[in-house]
Amino acid sequence: MLAEEFFDFILYVNIRKNAYLKRFEKKDMPYSLPEQGAYEEFLHIMKDMLFSSMEEFTENMKLIRVLGTLEYKKKYTVLCRLKIKECIYDKKIVFFYGEREKTVIVFCEDLTDIVGGTDEDPHSKKRRQEETEDETVRLKKRIACFAHEIRTSLHSIYGNLSVLKLEASRENSYLDNAVYAAEHLLHLMNSVLDVSVLENDIGVMKIEASDLEELVQFPRKISAQQAQEKGIQLEFYCGSPVYKYLYLNKDIVWHILINLLSNAIKYTNGGGKVVCRITEIYLEEKRVKLLLEVTDTGIGIEEDFLSDIWNAYTREYRMKGILGSGLGLMLTKRMVELLHGSIDIISRVGLGTKVSVELEVDGDDVLYARPASPADKKTTAQGRSPVLIKRALVAEDEESNMEIICRYLEQLGVAADRAYNGKDAIEIFEKSHTDYYHIILMDINMPGTDGIEAIRRIRNMERTDKTLPIIAVTAEIPGKEKEGALSAQIDGYLIKPYRMEDIRSVLLEYQK
């Protein structure tokens, strides 16, 4: 979906056939390209709209000129100005070699708002600004819908893998690796969710207690397989802690580390080494600087590439066969900035790279996550709080998701009754004995009577147990409208994709 934000179109050019295939085009553009055609036809369409020098554009866009430049540079850029419907637009056309042999990828990016296009009358400029604002609203809606579908599918994949792992009769490394990979995607999606929360000002980031060893544990699991496959030595070091606990968004820090480690391993040849160091530095009372450093002995980064390294869809192409979208470092930098931190890269070609992230966080030797409840004081032999809730009503319209959540509850010793829509949930609760259910897990988006309406009607029943805990289950960030409708009716959220530990935490928090 980020392509819709940055580019007018993306083309794949087959060098042998001298032809292009359109892989993406932004909707509602004032011009359009055919789905495929000869490269010369593409140039002809662009030249028909050209407002800048025709001779210079023709010379710069020749395929032989592009290929000649790409032999010694990673990318080739052409700037031009187009006149479309009496409006002037500044465009940047960038060429890269593709993953496939004899393929060039062409990106067209609009720079009009940056360059400030000239020769445009005020009325045209105002109209274009209004069109841009409308497109931004439409884009946000499409992204929200797209993210919901991804999270729902990922929830099903991760949930089913987790259940398989629970029921496996013996250790299975392939299944373990699949669960780790799915969990990595889970944390990536949750990190993106946290970014959306901050950027849209519709919530507060999740802050939780962690220690240095816990911050390392999950990234180590994810990176170990990748390093082992390439024959790379992977080492982790934790400095002496200033405080026992750090208070931060653990999911985002995990994703930053995983992404930096993944890049380091990706661009290091077999026999090399990747080292991750995490250090606390005292700043003031209960405040520390958290330093995350990832160092590798890889191919290094060329100096002229360092200035572009944080841009979207920018990748180092000197190592062949490397997969990726070029979004990782851009997203990582954004996450670091949202945590009010800084990120820096030092690199030498042929010697390796060192990436340093600095974050300022709260620290303490006392755990202050939330006030202790009676349940916290009763622990199992393993030192974990037992789940006292014994029966739950689950409303979920998708069968696979229903199976996953009920299996998780079963593992936690909780019996679950199933409702596949809001209407069924209302009827089942209405017919139950008082205090029969200890908690309700209600999916928000269901056909017919949705979760919001079902919750409202349950809360309005003439029953003494209508105040039981109700948890809203959703795969999206609730918008302000939904959040307002739900805030007084529910006790908390369970965001898909969730783990069994997430459900356990919810049950412990709301059990009496």
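Scope of the values below: all heavy atoms of this structure, side chains included, with no hydrogens, waters or symmetry mates.
- Between the CD1 atom of Ile105 and the CD1 atom of Ile10 there is a distance of 8.0 Å, given to the nearest 0.5 Å.
- Listed by chain and number, the residues in a salt bridge (Lys or Arg N to Asp or Glu O under 4.0 Å) with Asp211 amount to none (sequence neighbours excluded).
- Looking only at distances, a side-chain donor or acceptor of Lys230 sits under 3.5 Å from a matching main-chain atom of Ile265.
- Of the possible donor and acceptor atoms, none in the side chain of Asp491 sits under 3.5 Å from a partner among the backbone N and O of Ile471.
- The minimum heavy-atom distance between Gln511 and Leu388, with the atom names listed, is OE1-N, 2.6 Å.
- For the atom pair OG1 (Thr295) and CD1 (Ile346), the distance works out to 9.0 Å, reported to the nearest 0.5 Å.
- When the side-chain contact (heavy atoms from CB on, under 4.5 Å) test is applied to Glu235, the partners found at least two apart in sequence or on another chain are Gln233, Tyr237, Lys273, Val275.
- With sequence neighbours excluded, the residues that form a side-chain contact (heavy atoms from CB on, under 4.5 Å) with Lys289 are Ile281, Leu283, Glu358.
- Arg277 is linked by a salt bridge (Lys or Arg N to Asp or Glu O under 4.0 Å) to nothing, counting only residues two or more places apart in sequence or in another chain.
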Below 3.5 Å, can you tabulate the donor-acceptor pairs from side chains in residues 348-356 to any protein atom, sequence neighbours excluded?
{"residue": "Thr353", "atom": "OG1", "partner": "Ser347", "partner atom": "OG", "Å": "2.8"}
{"residue": "Lys354", "atom": "NZ", "partner": "Glu293", "partner atom": "OE2", "Å": "3.2"}

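- Take Glu360 and apply the side chain to side chain donor-acceptor pair (under 3.5 Å) test, not counting sequence neighbours, and it matches no residue.
- One distance of note links OG1 of Thr332 with CD of Glu337; it measures 11.0 Å at 0.5 Å rounding.
- For Tyr76, the ring-ring contact (aromatic ring centres under 6.0 Å, His included) partners at least two apart in sequence or on another chain are Phe95.
- Residues satisfying the side-chain contact (heavy atoms from CB on, under 4.5 Å) test with Cys276, not counting sequence neighbours, are Phe236, Leu257, Leu261, Ile278, Val294.
- With rounding to the nearest 0.5 angstrom, the CG atom of Leu248 is 8.0 Å from the CG atom of Leu359.
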*Between Glu213 and Arg220, is a salt bridge (charged side-chain N to carboxylate O under 4.0 Å, His left out) present by the stated rule, with each step listed?*
CA-CA 10 Å; Glu213 183 57 36; Arg220 181 191 285 131; 3.3 Å; yes
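- Take Glu403 and apply the side-chain contact (heavy atoms from CB on, under 4.5 Å) test, not counting sequence neighbours, and it matches Glu399, Arg418.
- Taking the salt bridge (Lys or Arg N to Asp or Glu O under 4.0 Å) definition, one finds that Lys466 meets it with nothing, sequence neighbours left out.
- For Asp417, the salt bridge (Lys or Arg N to Asp or Glu O under 4.0 Å) test picks out Arg391, with sequence neighbours left out.
- Residues satisfying the side chain to side chain donor-acceptor pair (under 3.5 Å) test with Ser210, not counting sequence neighbours, are Glu214.
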*For Ile458 and Met442, run side-chain contact (heavy atoms from CB on, under 4.5 Å): C-alpha distance rounded to whole Å, both residues' side-chain angles, the deciding distance at 0.1 Å, then the answer.*
CA-CA 11 Å; Ile458 288 172; Met442 181 75 72; 4.0 Å; yes
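- Scanning both residues, Tyr243 and Glu284, for their nearest heavy atoms gives OH-O, 4.0 Å.
- Of all heavy-atom pairs between Ala416 and Leu409, the closest is CB-CD1, 3.8 Å.
- Ile389 and Leu507 get closest at one heavy-atom pair: CD1-O, 3.7 Å.
- Under the 3.5 Å distance criterion, the side-chain polar atoms of Asp465 are matched with a main-chain donor or acceptor of Asp435.
- For the atom pair CD1 (Ile345) and CD1 (Ile301), the distance works out to 4.5 Å, reported to the nearest 0.5 Å.
- Minimum heavy-atom separation, Thr77 to Lys92: CG2-CG, 3.4 Å.
- A salt bridge links Asp362 and Arg287; the closest N-O separation between the charged side-chain nitrogens and carboxylate oxygens is under 4.0 Å.
- Scanning both residues, Val336 and Val357, for their nearest heavy atoms gives CG2-CG1, 3.9 Å.
- Interatomic distance, Leu494 CG to Thr474 OG1, rounded to the nearest 0.5 Å: 10.0 Å.
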